[in-house]
Amino acid sequence: MKIIAADAVPESAGAEKTLQIPNDADLAELVASGALEGVQRVELQFPKFTDGRAYSQALLLRRRYRFAGDIRATGDVLIDQLVHMHRSGFTSAVLAPGVNADAAQRQFDRYSAFYQGDVLEPRPLFAREAA
């Protein structure tokens, strides 16, 4: 997962097409309208760390709508959310101001294996071991 500090210089958009989706948007309507066509990055908003609707949006984008591009978390993103974000389908995150980007990698080192399935590996541990 790519971690971006809040004070980092924003990446130039260049030819990359980005769609910002608020966390109360109806994804089914967006997809039906063709809003995702040609989009390479979707930015999902976390207005505050206790609002987890963007997790569901990321999961739906990956599983139901088969979005293969970058899903970026923005807003009030803290390091203790990063592992779950990654497991939900996010591929990048912009940390909230004041959050230490160096501490982010320690979260991934600390939690390297899981019993449950997720977007990255849908099979639970027992099914992976049986295969």
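Taking 4.5 Å as the limit, every side-chain heavy atom of Val94 sits out of range of all side-chain heavy atoms of Val77. The shortest side-chain heavy-atom distance between Asp7 and Pro97 does not fall under the 4.5 Å cut-off. Side-chain atoms of Ile4 and Lys2, non-hydrogen and from C-beta on, do get closer than 4.5 Å to each other.
Following chains of ILVMFWY side-chain contacts shorter than 4.5 Å, one cannot reach Met1 starting from Val119, and the two form parts of different hydrophobic clusters. Placement of Met85 and Leu120 in two distinct hydrophobic clusters is found when ILVMFWY residues are connected by side-chain heavy-atom separations under 4.5 Å, directly or transitively. Leu44 and Leu27 fall within a single hydrophobic cluster, where Ile, Leu, Val, Met, Phe, Trp and Tyr are joined by side-chain heavy atoms under 4.5 Å apart, directly or via other members. One hydrophobic cluster holds both Tyr65 and Leu19 under the rule that ILVMFWY side chains link at heavy-atom gaps under 4.5 Å.
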- Item | Working for side-chain contact (heavy atoms from CB on, under 4.5 Å), residues Asp70 and Thr18 | CA-CA 9 Å; Asp70 180 25; Thr18 300; over 6 Å; no

- Tell me, with the steps shown, if Thr91 and Arg62 meet side-chain contact (heavy atoms from CB on, under 4.5 Å). CA-CA 11 Å; Thr91 50; Arg62 292 287 185 222; 3.3 Å; yes

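To the nearest 0.5 angstrom, Arg123 atom CZ is 11.5 Å from Asp118 atom CG. Atoms CG and CZ, on Leu78 and Phe46 in that order, are 10.0 Å from each other to the nearest 0.5 Å. For the atom pair Ile3 CD1 and Asp102 CG, the distance stands at 11.5 Å (nearest 0.5 Å). Put simply, CD on Gln107 and CD1 on Ile79 are 5.0 Å apart, with the number rounded to the nearest 0.5 Å. The distance from atom CG of Asn100 to atom CG of Leu95, rounded to the nearest 0.5 Å, is 8.5 Å. A distance of 8.5 Å separates CD1 in Ile71 from CD1 in Ile21, rounded to the nearest 0.5 Å.
Taking the ring axis of Phe114 as reference, the NZ or CZ atom of Arg87 stays within 45° of it and closer than 6.0 Å to the ring centre.
Of the possible polar contacts, none joining the Asp76 side chain to the Lys48 backbone as a donor-acceptor pair under 3.5 Å is found. In this structure a side-chain-to-backbone donor-acceptor pair under 3.5 Å is present from Gln57 to Pro22. Ser88 places no side-chain N or O within donor-acceptor distance of the main-chain N or O of Tyr55, the cut-off being under 3.5 Å.
Within 6.0 Å of OH in Tyr111 there are 12 or fewer heavy atoms belonging to other residues, nucleotides or ligands. Other residues, nucleotides and ligands place no more than 12 heavy atoms under 6.0 Å from the CD atom of Glu37. Other residues, nucleotides and ligands contribute only 12 or fewer heavy atoms inside 6.0 Å of the CZ atom of Arg64.
Contact detail for Val42 and Phe67: the closest heavy-atom pair is CG2-CZ, 3.6 Å. Scanning both residues, Ala104 and Leu82, for their nearest heavy atoms gives CB-CD1, 3.5 Å. Scanning all heavy atoms of the two residues, the minimum distance from Ala5 to Ala101 falls at CB-CB, 4.3 Å.
Taking the six-membered ring wherever Trp is involved, the centroid distance between the rings of His84 and Phe90 does not fall below 6.0 Å.
Screening Arg72, Arg41, His86, Glu43 for a side chain to side chain donor-acceptor pair (under 3.5 Å) involving Ser92 leaves a single residue, Arg72.
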